[in-house]
Amino acid sequence: MKFSMIFEAQIADPTPEKERQTYHDSIEQAVFAEDMGFDGIWAVEHHGLEHYSHMSAPELFLATVAAKTTRIRLGHGAVCMPFNFNYPTRVAERAAMLDVLSNGRLNLGAARGGTLQEAAMCNVDPSKTAAEVEEALRIIASAWRSDDFEYHGELLDIKAPEGNSPLRILPRPIQNPHPPLFLASTKPDTVVHSAELGVGALVFGFGGLDSVAMQHKLYWDRVAERDGSNLVSDVVNNHFVALCPTIVQDDAQRAKEIGARGQRFFGESIGYWHLGGAKPPTGATVDDDNIAYMKAKAAAEEAAFDRGDRPQYSERSLAAANYNVDHAYGTVEDAIAYVENLERIGVDEVLCLIQMGTVPQEVCMETIRAWGEHVIPHFRTPVESRASITVAV
């Protein structure tokens, strides 16, 4: 398995000063992740979602990390690819430049930009985003696979003016024929679609181990069944990446409370932007029993699903996903035990979510160190040679 981290640039009490500090803190974490043996970092792209994500220009964040590191892979996790967010040829240019500047370390993911708030900021038609993302992936893969290109699709027709030189993406990426492609797969249908397109799946893991296992099966069932007619490139990337929220401390209870509070902020902030009528998150929950609160909310969401009040979800675990706190929160042994379950499922890459809006910088750095010194080395050792881990999670 590979190990990586994802950055949302979440801020519990946003001010310009705290926003700037969050960017610098995140860069410090990313550089430290390389020192601690992580394989990659990923950065999201969101626009105008105060509290939830201030990562509006991930290409600049990733370029800064590239300049301060030498080995760790750099993931757009993921670029908003509806055309008004980012025109496909501009994505191809910027991503290729990052691949060159990082000496061939880029992973490129695609996303729809999932909120009405973001769509309004960039005049995006929400009804067209799925089709535009798929066509963007086809255009980018095509532009990277040949020196000269033109594209004639259902939505866009891209060609040079008559009598002019052919179109060409500059620079050319280092990775041949192109950097690996991924799709943000937050629902079972997009997990299946990523397999159909021949790209890696960036899977939402808040639902827990059963949810990850279900989505992994969906992905690989479709890989086995696909006939290749819908692939976006002639190079496939069958790579399953699963989100793993984690806080690791010597005191397991403290780690679980910090994790539950951070995840509560994450869930409430994303709920505010995705669901009408919700209150803005404050993060002022330090004195609450956040573990009990999250478990109660998860039970309430599961009950609502059972009543038929959550028709947008296909599984109880997905309905309660934002409030499930059975993750890699606890000691090193807790984290190893959780990840061993991900390994048994068949996850290719564990995507650690550490930077949540209420988690202090020192706790983020302690967690990265714990993973680097203990968790990751455990999985670099062959299974038959490992010490037994029996901690229940």
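By convention here, the first residue in the shown sequence is residue 1.
Ring orientation note: the planes of Phe206 and Phe204 are nearly perpendicular, at an angle over 60° on the 30°/60° scale.
Remark: Arg316 engages Asp306 in a salt bridge, criterion side-chain N to carboxylate O under 4.0 Å. In this structure, Arg222 pairs ionically with Glu225, as a charged nitrogen and a carboxylate oxygen lie closer than 4.0 Å. No salt bridge links Arg261 with Glu257; every basic N to acidic carboxylate O contact stays at or beyond 4.0 Å. Residues Glu373 and Arg369 are paired through a salt bridge, judged by an N-O separation under 4.0 Å between the basic side chain and the carboxylate. Arg112 and Asp125 are not joined by a salt bridge, as no carboxylate oxygen comes within less than 4.0 angstrom of a charged side-chain nitrogen. Salt bridge Arg307/Asp309: present, at least one basic N to carboxylate O contact under 4.0 Å.
Between the OG atom of Ser26 and the CE atom of Met55 there is a distance of 5.5 Å, given to the nearest 0.5 Å. Taking CG of Leu181 as the start and NE2 of His76 as the end, the distance is 12.0 Å to the nearest 0.5 Å. Rounded to the nearest 0.5 Å, atoms OG (Ser233) and CD1 (Ile140) are 11.5 Å apart. Rounding to the nearest 0.5 angstrom, the gap separating the CZ atom in Arg20 from the OG1 atom in Thr15 is 8.0 Å. Here the CD1 atom belonging to Ile354 is positioned 11.5 Å from the CD1 atom belonging to Ile6, to the nearest 0.5 angstrom. Residue Asp287 holds its CG atom at 11.5 Å from CG of Asp289, rounded to the nearest 0.5 Å.
Tyr293 and Ile247 fall within a single hydrophobic cluster, where Ile, Leu, Val, Met, Phe, Trp and Tyr side chains are chained together by heavy-atom contacts under 4.5 Å. Hydrophobic clustering of Ile, Leu, Val, Met, Phe, Trp and Tyr side chains at less than 4.5 Å, counting indirect connections, unites Leu243 with Ile345. Residue Val359 is not grouped with residue Ile11 when hydrophobic side chains (ILVMFWY) are merged at heavy-atom distances under 4.5 angstrom, including chains of intermediate members. Under the 4.5 Å side-chain contact rule for hydrophobic residues, Val235 and Ile139 do not share a cluster. Leu49 and Met121 are members of different hydrophobic clusters when ILVMFWY side chains are connected at heavy-atom separations under 4.5 Å.
With a 4.5 Å cut-off on side-chain heavy atoms, Trp273 and Leu116 do not count as touching. Using a 4.5 Å heavy-atom cutoff, the side chains of Ser185 and Leu202 are not in contact. Residues Glu150 and Ile158 are not in side-chain contact: their nearest non-hydrogen atoms beyond the backbone lie 4.5 Å or more apart.
The closest side-chain donor-acceptor pair between Arg264 and Asn322, if any, does not fall under 3.5 angstrom. If you check the side chains of Thr331 and Asp334, you find a donor sitting under 3.5 Å from an acceptor. Using a 3.5 Å distance cut-off with no hydrogens or angles, the side chains of Tyr329 and Gln263 do pair a donor with an acceptor. With hydrogens and angles left out, the side-chain atoms of Glu333 and His374 include no donor and acceptor closer than 3.5 Å. Side-chain atoms of Gln10 and Gln355 form no donor-acceptor pair, as typed in the model, at a separation below 3.5 Å. For the residue pair Glu268/His51, the side-chain donor-acceptor check at 3.5 Å is not satisfied. Side chain to side chain, Thr22 and Glu19 fail the donor-acceptor criterion of an N or O pair below 3.5 Å.
Pairing each heavy atom of Pro177 with each of Arg145, the nearest pair is CB-CG, 4.3 Å. Shown here for Pro82 and Ala111, the closest heavy-atom pair between the two residues is CD-O, 3.5 Å. Of all heavy-atom pairs between Ile258 and Gln249, the closest is CD1-OE1, 4.4 Å. Among all heavy-atom pairs drawn from Asn238 and Tyr219, the shortest one is CA-OH, 3.3 Å. Nearest heavy-atom pair, His327 versus Gly205, reported as atom, atom and distance to 0.1 Å: CE1-O, 3.5 Å. Of all heavy-atom pairs spanning Val248 and Val332, the tightest one is CG1-N, 3.6 Å.
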Query - Residues Val91, Met81; criterion side-chain contact (heavy atoms from CB on, under 4.5 Å); working and verdict - result: CA-CA 8 Å; Val91 176; Met81 287 198 191; 4.0 Å; yes
Report task. Show your reasoning for whether side-chain contact (heavy atoms from CB on, under 4.5 Å) applies to Ile169 and Thr89. Result -> CA-CA 7 Å; Ile169 294 296; Thr89 49; 4.1 Å; yes
Query - Residue pair Val350, Phe379: steps toward the side-chain contact (heavy atoms from CB on, under 4.5 Å) verdict - result: CA-CA 11 Å; Val350 177; Phe379 293 94; over 6 Å; no
Query raised in the report: Do Val339 and Trp371 pass the side-chain contact (heavy atoms from CB on, under 4.5 Å) test, and can you show the C-alpha distance, the side-chain angles, and the key distance before you say yes or no?
Result: CA-CA 11 Å; Val339 177; Trp371 275 72; 3.5 Å; yes
Query raised in the report: Taking it one step at a time, do Glu134 and His193 satisfy side-chain hydrogen bond (donor to acceptor under 3.5 Å, both in side chains)?
Result: CA-CA 10 Å; Glu134 181 175 333; His193 194 51; 3.0 Å; yes
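Although no hydrogens or angles enter the test, the distance criterion places a donor-acceptor pair under 3.5 Å between the side chain of Ser102 and the main chain of Arg105. Of the possible donor and acceptor atoms, none in the side chain of Glu349 sits under 3.5 Å from a partner among the backbone N and O of Lys2. Listed for the Gln361 side chain is a donor-acceptor partner under 3.5 Å among the backbone atoms of Asp25. Between the side chain of Asn107 and the backbone N or O of Pro180 there is no donor-acceptor pair closer than 3.5 Å. Not one N or O on the side chain of Arg226 forms a donor-acceptor pair closer than 3.5 Å with the backbone of Leu231. A donor-acceptor pair under 3.5 Å links the side-chain atoms of Arg172 to the main chain of Trp144, judged by distance alone. Asn324 places a side-chain N or O within donor-acceptor distance of the main-chain N or O of Asp326, the cut-off being under 3.5 Å. Remark: the backbone N or O of Gly346 is paired with a side-chain donor or acceptor of His216 at under 3.5 angstrom. In this structure, Glu132 contributes its side chain and Phe83 its backbone to a donor-acceptor pair below 3.5 Å. Between the Gln215 side chain and the Ser211 main chain, a donor and an acceptor come within less than 3.5 Å of each other.
Atom CG of Asp157 has more than 12 heavy atoms from other residues, nucleotides or ligands within 6.0 Å. Applying the 6.0 Å contact sphere to CG of Leu155 captures more than 12 heavy atoms from other residues, nucleotides or ligands. Counting non-hydrogen atoms of neighbouring residues, nucleotides and ligands closer than 6.0 angstrom, the CE atom of Met97 reaches no more than 12 such neighbours. Residue Asn103 qualifies as open at atom CG: its count of foreign heavy atoms under 6.0 Å is 12 or below. Heavy-atom neighbours of Glu17 CD from other residues, nucleotides or ligands within 6.0 Å: above the threshold of 12. More than 12 heavy atoms of other residues, nucleotides or ligands shown are found within 6.0 angstrom of CG on Asp348.
In this structure, Tyr52 has its ring center under 6.0 Å from that of Phe266. For Phe61 and Phe7, the ring centers are positioned less than 6.0 Å apart. Ring to ring, His54 and Tyr23 are not that close: their centroids are 6.0 angstrom or more apart. Here the two rings, on Phe182 and Trp42, have centers that are under 6.0 Å apart.
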